[in-house]
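As a basis for the values below, the full set of heavy atoms in this structure was taken, side chains included, without hydrogen atoms, waters or symmetry mates. Just so you know, these numbers come straight off a predicted model, no measurement behind them.
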Amino acid sequence: MEQRSQWGTRAGFILAAVGSAVGLGNIWRFPYVAYENGGGAFFIPYLFALLTAGIPILILEFTMGHKYRGSAPLSFFRLGGKKAEWLGWWAIFVSFVISTYYAVIIAWAMKYTIYSFDQAWGDDTAGFLFGTVLELGDVPGQAGGLVAGVAIPLLLVWAITLGILFAGVKKGIELANKIFIPTLVVIFLIVVIRAVTLDGALLGLDAFFKPNFEQLSNPKVWVAAYGHIFFSLSIAFAIMITYSSYLPKKSDITNNAFITGFANSAFELLAGIGVFSALGFMAASQGVAVSDVASAGVGLAFVVFPQIISEFPGMNGLFGVLFFLSLTLAGLTSLISICETYVAGFSEKFGITRNKAVAFGVGLAAVISFLFATNGGLYFLDVADYFINQFGIAAIGLIEVVAIAWFFKKLPELQDHANAVSDIRLGAWWQICLKFITPLVLGYMMFGLLKLNLLKQHTKNGEVIGNYEGYSDIFILNFGWMVAAGVIILGFIFTAMKWNKNTDVDAYQHADGE
């Protein structure tokens with residue numbers, strides 16, 4: 001059997017793991033979630049969720065990859081046979097779908113890096129994004145034509161990603177993260193330092209950090225904390241299982257998990273400081289409250305921040321370039337890790353070379369991604385992102401911990417493996433978190449999400465709009481529910497296929513060389 005790839009250094013693995021977690025969403029999602037759920041008080045449930053769900057699941061997935069020495073499908077197969085393998089494929093196809101539209105957002109960030117030099121977006125930043133850049137159509141569900149201004153940078157995104165993945169684990173992924181992550185941190189530190197020196201920055205920081213302890217009695221705040229931790233650490237994407245399968249035999253699993261979890265949280269806190277300092281400046285300059293300028297999602301990055309950049313008292317172009325360049329770097333590190341999951345899975349399942357797996361898997365994702373570069377691309381992206389995240393990642397995480405803890409009863413075995421190589425030994429807390437706390441919280445989340453979407457209880461500006469964002473039933477069915485269900489169906493189809501004879505599915509105990 002071919003010698004399995006390994007990271008060159010422990011730092012290389014940690015940087016790659018942190019890089020997969022520190023994505024585009026960390027820069028704009030965490031600040032808004034914290035602000036909406038108690039401000040400074042939100043850090044209490046956030047830290048609790050990190051210690052009782054985020055890091056325990058990171059340890060679980062690091063241990064699985066390290067012990068079973070395979071991609072997510074192969075690791076699950078070695079854990080519990082065909083009954084478990086489909087979970088790995090489900091996670092891989094969720095990652096595949098995410099990679100198809102995630103690349104498009106990176107392409108936007110690339111364009112805005114260039115636009116920042118002369119603030120090409122003008123005064124109407126919303127009109128510029130939806131009209132000039134995206135050429136957005138009026139009817140959700142209709143693709144329309146290809147938007148060349150998005151398609152061209154999208155080609156560049158895939159060219160960079162393919163080049164890094166073709167280079168392999170050590171010379172490609174590890175080297176890229178050693179360059180991208182330190183660069184990202186330095187650039188974003190410059191952005192934050194500039195933001196906190198703006199007039200009105202303290203107004204924004206007060207809104208971000210001011211604690212509303214009354215919110216701690218609201219169950220939705222705690223669910224929001226768990227939900228955010230779950231999505232921000234790239235768990236249940238198959239990423240951490242895949243990356244940890246490249247670790248050498250004597251790698252400290254629990255220490256690596258704590259470093260990854262806290263490093264990701266530190267970056268999110270840094271993002272919150274930078275984002276709300278800038279929002280405070282904007283609110284002060286317009287004479288309005290911070291709540292009037294704070295928004296969530298891509299609107300914050302591509303509508304609100306261009307407005308802020310235009311109003312800067314000086315060095316507008318430099319700040320804009322650094323901000324959008326940081327988005328681009330954060331996006332690329334995450335996209336590379338997402339793609340690596342199905343590259344490893346396809347290679348092991350079908351016994352093909354890594355380069356063939358890259359060419360087929362990533363090439364197919366690249367072709368599909370151009371759907372999101374059409375006139376109707378934003379609508380498709382919005383629905384796919386919502387349903388694949390809510391009914392893909394969260395559901396996988398719930399079933400994963402329940403299956404491993406209760407059905408296969410593998411927690412004691414995995415705990416022994418982690419303790420054998422780690423300085424921080426796992427005790428009863430780890431099993432309690434995975435057996436009880438995480439399943440209860442994720443189960444509550446899934447029940448609420450199903451109720452919200454099946455009963456069409458979405459609201460907007462205080463009004464009931466039915467389906468998510470008020471989209472039509474047929475659009476939600478075809479591109480929401482069908483995508484969420486399709487990745488599960490594909491998971492079962494690939495599980496039914498036989499493993500290539502060159503993949504020794506029972507060889508993991510002999511494959512973890514120094």
Participant: Only one of Val18, Val22, Ile229 clears side chain to side chain contact (heavy atoms under 4.5 Å, CB included) with Asn264; which?
Facilitator: Val22
Participant: Decide side chain to side chain contact (heavy atoms under 4.5 Å, CB included) for Ile152 and Leu156; before the verdict, give the C-alpha distance in whole Å, the side-chain angles of both, and the deciding distance to 0.1 Å.
Facilitator: CA-CA 7 Å; Ile152 293 172; Leu156 180 58; over 6 Å; no
Participant: Give the C-alpha distance, both sets of side-chain angles, the deciding distance and a yes or no for ring-ring contact (aromatic ring centres under 6.0 Å, His included) between Phe380 and Phe475.
Facilitator: CA-CA 9 Å; Phe380 288 108; Phe475 186 41; 5.5 Å; yes
Participant: Output all residues satisfying ring-ring contact (aromatic ring centres under 6.0 Å, His included) with Tyr379, sequence neighbours left out; order by chain, then residue number.
Facilitator: none
Participant: Short question: side chain of Thr374, backbone of Leu371 - any donor-acceptor pair under 3.5 Å?
Facilitator: yes
Participant: So do the side chains of Leu300 and Leu279 get within less than 4.5 Å of each other, counting heavy atoms only?
Facilitator: yes
Participant: Counting only N and O atoms by type, is there a donor-acceptor contact under 3.5 Å from the side chain of Trp7 to the main-chain atoms of Tyr243?
Facilitator: yes
Participant: Nearest 0.5 Å, please: how far is CG in Leu335 from CD1 in Ile106?
Facilitator: 4.5 Å
Participant: Looking at side-chain heavy atoms only, is the closest gap between Ile92 and Leu490 below 4.5 Å?
Facilitator: no
Participant: Taking all non-hydrogen atoms of both residues, which atom of Arg354 and which atom of Ser347 are closest, and how far apart?
Facilitator: N-OG, 4.1 Å
Participant: Is Glu174 reaching over with its side chain to a backbone N or O of Gly8, donor-acceptor style, under 3.5 angstrom?
Facilitator: yes
Participant: Can you see whether Glu469 engages Tyr386 through a side-chain donor-acceptor pair at a distance of less than 3.5 angstrom?
Facilitator: no
Participant: For Asp118, I'd like to know if atom CG has over 12 heavy atoms of other residues, nucleotides or ligands within 6.0 Å.
Facilitator: yes
Participant: Please check this pair: side chain of Asp382 against backbone of Leu378, looking for a donor-acceptor N/O pair closer than 3.5 Å.
Facilitator: no
Participant: State whether the side chain of Ser265 and the backbone N or O of Phe262 hold a donor-acceptor pair below 3.5 Å, judged by distance alone.
Facilitator: no
Participant: Are Phe128 and Tyr115 close enough that their ring centres sit under 6.0 Å apart?
Facilitator: yes
Participant: Looking only at side-chain N and O atoms, does Glu61 offer a donor or acceptor that is under 3.5 Å from a partner on Ser75?
Facilitator: no
Participant: Parallel, tilted or perpendicular: which describes the rings of Phe350 and Trp89, with under 30° parallel and over 60° perpendicular?
Facilitator: tilted
Participant: Might you point out which heavy atoms bring Ser99 and Ile338 nearest each other, and give the distance in Å?
Facilitator: CB-CG2, 3.8 Å
Participant: Quick one, Val221 and Glu36 - any side-chain contact, counting heavy atoms below 4.5 Å?
Facilitator: no
Participant: Rounded to the nearest 0.5 Å, how far apart are OH of Tyr32 and CG of Asn37?
Facilitator: 9.5 Å
Participant: With sequence neighbours excluded, tell me which residues meet salt bridge (Lys or Arg N to Asp or Glu O under 4.0 Å) with Asp473.
Facilitator: Lys456
Participant: What heavy-atom pair brings Gly227 and Met445 nearest, and what distance separates the two atoms?
Facilitator: CA-CE, 3.8 Å
Participant: Ser95 and side chain to side chain contact (heavy atoms under 4.5 Å, CB included): which partner among Ile393, Thr341, Ile388, Val487?
Facilitator: Thr341
Participant: Quick one: NZ on Lys178 to OG1 on Thr9, what's the gap to the nearest 0.5 Å?
Facilitator: 3.5 Å
Participant: I'd like to know if the side chain of Lys111 and the backbone of Pro153 have a donor-acceptor N/O pair within less than 3.5 Å.
Facilitator: no
Participant: Examine Phe93 together with Tyr342 and report whether their ring centres are nearer than 6.0 Å.
Facilitator: no
Participant: When the ring centroid of Phe324 is compared with that of Trp108, is the distance short of 6.0 Å?
Facilitator: no
Participant: Check whether any side-chain heavy atom of Arg10 sits under 4.5 Å from a side-chain heavy atom of Asn255, and report yes or no.
Facilitator: yes
Participant: Measuring from Arg194:CZ to Ser277:OG, what's the distance to the nearest 0.5 Å?
Facilitator: 11.5 Å
Participant: Quick check: Tyr246 with Phe13 (ring centres under 6.0 Å apart)?
Facilitator: no
Participant: State the CD1-CG distance between Ile114 and Leu325, to the nearest 0.5 angstrom.
Facilitator: 9.5 Å
Participant: So, does Asn375 use its side chain to make a donor-acceptor pair with the main chain of Glu135 at under 3.5 Å?
Facilitator: yes
Participant: May I ask you to check whether Thr242 and Glu340 show a side-chain donor-acceptor distance below 3.5 Å?
Facilitator: no
Participant: Of the non-hydrogen atoms in Ser326 and Leu184, which two are nearest, and what is the gap between them?
Facilitator: O-CD1, 3.3 Å
Participant: Once you round to the nearest 0.5 Å, how far does OG of Ser251 lie from CG of Asn256?
Facilitator: 6.5 Å
Participant: Carefully, step by step, assess Gln307 and Thr125 under the rule side-chain hydrogen bond (donor to acceptor under 3.5 Å, both in side chains).
Facilitator: CA-CA 7 Å; Gln307 290 178 342; Thr125 56; 3.3 Å; yes
Participant: Would the number of heavy atoms belonging to other residues, nucleotides or ligands and lying under 6.0 Å from CG of Asp199 be above 12?
Facilitator: no
Participant: Step by step, would you call Ile160 with Met110 a side chain to side chain contact (heavy atoms under 4.5 Å, CB included)?
Facilitator: CA-CA 12 Å; Ile160 294 171; Met110 279 186 173; 3.8 Å; yes
Participant: Using 30° and 60° as the class limits, which term best fits the ring planes of Tyr46 and Phe30: parallel, tilted or perpendicular?
Facilitator: tilted
Participant: So, the side chain of Thr333 versus the backbone of Ser20: is there a donor-acceptor pair under 3.5 Å, distance only?
Facilitator: no
Participant: Which atom names give the shortest non-hydrogen contact between Ala201 and Ala195, and what distance separates them?
Facilitator: CB-O, 3.5 Å
Participant: Taking Asp385 for its side chain and Leu381 for its backbone only, find out whether a donor-acceptor pair lies under 3.5 Å.
Facilitator: no
Participant: With no hydrogens and no angle check, is any side-chain donor or acceptor of Gln286 less than 3.5 Å from a backbone partner on Ala283?
Facilitator: no
Participant: For the ring pair Phe312 and Phe281, is the centre-to-centre distance below 6.0 Å?
Facilitator: yes
Participant: What pairs of residues pass the ring-ring contact (aromatic ring centres under 6.0 Å, His included) test when at least one of them lies in residues 176-195, not counting sequence neighbours?
Facilitator: Phe188-Phe267
